[in-house]
Amino acid sequence: SDLILTANGVSIYPNPTEGIFNVVLTETSSNHEIYFRITDISGKVIISKSVKPSRSRTSVPFDLSKQAKGIYLLNISDLNATQTFKVILK
């Protein structure tokens, strides 16, 4: 299988966050770009970016400090799979 992530392959910290947080991918088995999309709960896209993963550990910073406090959804996807995580901005 060419899934980029195992269930334990994603760390998001700090979460809850006051604005700036990192997404760390520790088990990427794909050379394809990985797409990140953060939406608010109404579905509006706040941030969208893509990253070429490194073999071992890929760290991707995000900054929600200009957004309203609340719950945001982080979608991480490659060609084969999408995972969604909740990020809390406090």
Side-chain angles (χ1 to χ4, degrees):
S1 81
D2 198 28
L3 295 182
I4 55 162
L5 306 170
T6 65
N8 301 326
V10 180
S11 308
I12 300 169
Y13 66 88
N15 188 15
T17 178
E18 293 182 359
I20 294 173
F21 65 97
N22 288 287
V23 178
V24 178
L25 309 176
T26 51
E27 300 178 32
T28 53
S29 62
S30 167
N31 294 322
H32 302 296
E33 277 192 308
I34 299 171
Y35 298 93
F36 297 85
R37 197 176 76 227
I38 297 177
T39 59
D40 63 17
I41 46 177
S42 74
K44 182 176 145 214
V45 177
I46 309 293
I47 298 174
S48 163
K49 65 168 91 172
S50 63
V51 171
K52 200 103 165 111
S54 69
R55 276 261 171 242
S56 52
R57 186 176 183 277
T58 304
S59 181
V60 186
F62 290 91
D63 184 356
L64 289 176
S65 58
K66 293 185 171 57
Q67 304 302 320
K69 294 176 176 22
I71 294 172
Y72 292 83
L73 298 177
L74 166 65
N75 282 294
I76 304 175
S77 58
D78 76 346
L79 297 174
N80 304 301
T82 300
Q83 283 185 289
T84 303
F85 300 89
K86 208 179 273 186
V87 176
I88 298 167
L89 181 60
K90 61 178 183 163

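Side-chain atoms are counted along with the backbone in the values below, which use heavy atoms only and exclude waters and symmetry mates. Since the structure is predicted, the reported quantities are computational estimates derived from the model, not experimental observations.
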* Taking side chain as C-beta onward, heavy atoms only, is L64 less than 4.5 Å from I47? -> yes

* Asked: Do any N or O atoms from the side chain of D63 and from the backbone of S65 form a donor-acceptor pair under 3.5 angstrom?
  -> yes

* Spell out, as yes or no, whether a donor-acceptor pair under 3.5 Å connects the side chain of N15 to the backbone of K86. => yes

Side-chain donor/acceptor pairs under 3.5 Å, residues 37-46, sequence neighbours excluded:
unit_1, atom_1, unit_2, atom_2, d
D40, OD1, S42, N, 3.0
D40, OD1, S42, OG, 2.7
D40, OD1, G43, N, 3.1
D40, OD1, K44, N, 3.0

* **Heavy-atom pair of closest approach, residues E18 and L89** => C-CD1, 3.6 Å

* Under a 4.5 Å side-chain heavy-atom rule over Ile, Leu, Val, Met, Phe, Trp and Tyr, are L25 and F85 clustered together? -> yes

* **From CG (L79) to CD (E33), nearest 0.5 Å** => 9.5 Å

* **Nearest-0.5 Å distance that lies between atom OG1 in T84 and atom CG in L74** => 8.0 Å

* **Atom of P61, atom of K49 and distance for their closest heavy-atom approach** => O-NZ, 2.6 Å

* Quick one: ring pair (Phe, Tyr, Trp, His ring centres under 6.0 Å) pairs with a partner in residues 34-54, sequence neighbours left out? -> F36-F62

* Asked: Closest approach of P53 and T58, non-hydrogen atoms and distance?
  -> CA-OG1, 3.5 Å

* Run through V51, I76, V87 and flag the one making a side-chain contact (heavy atoms from CB on, under 4.5 Å) with V23. => I76

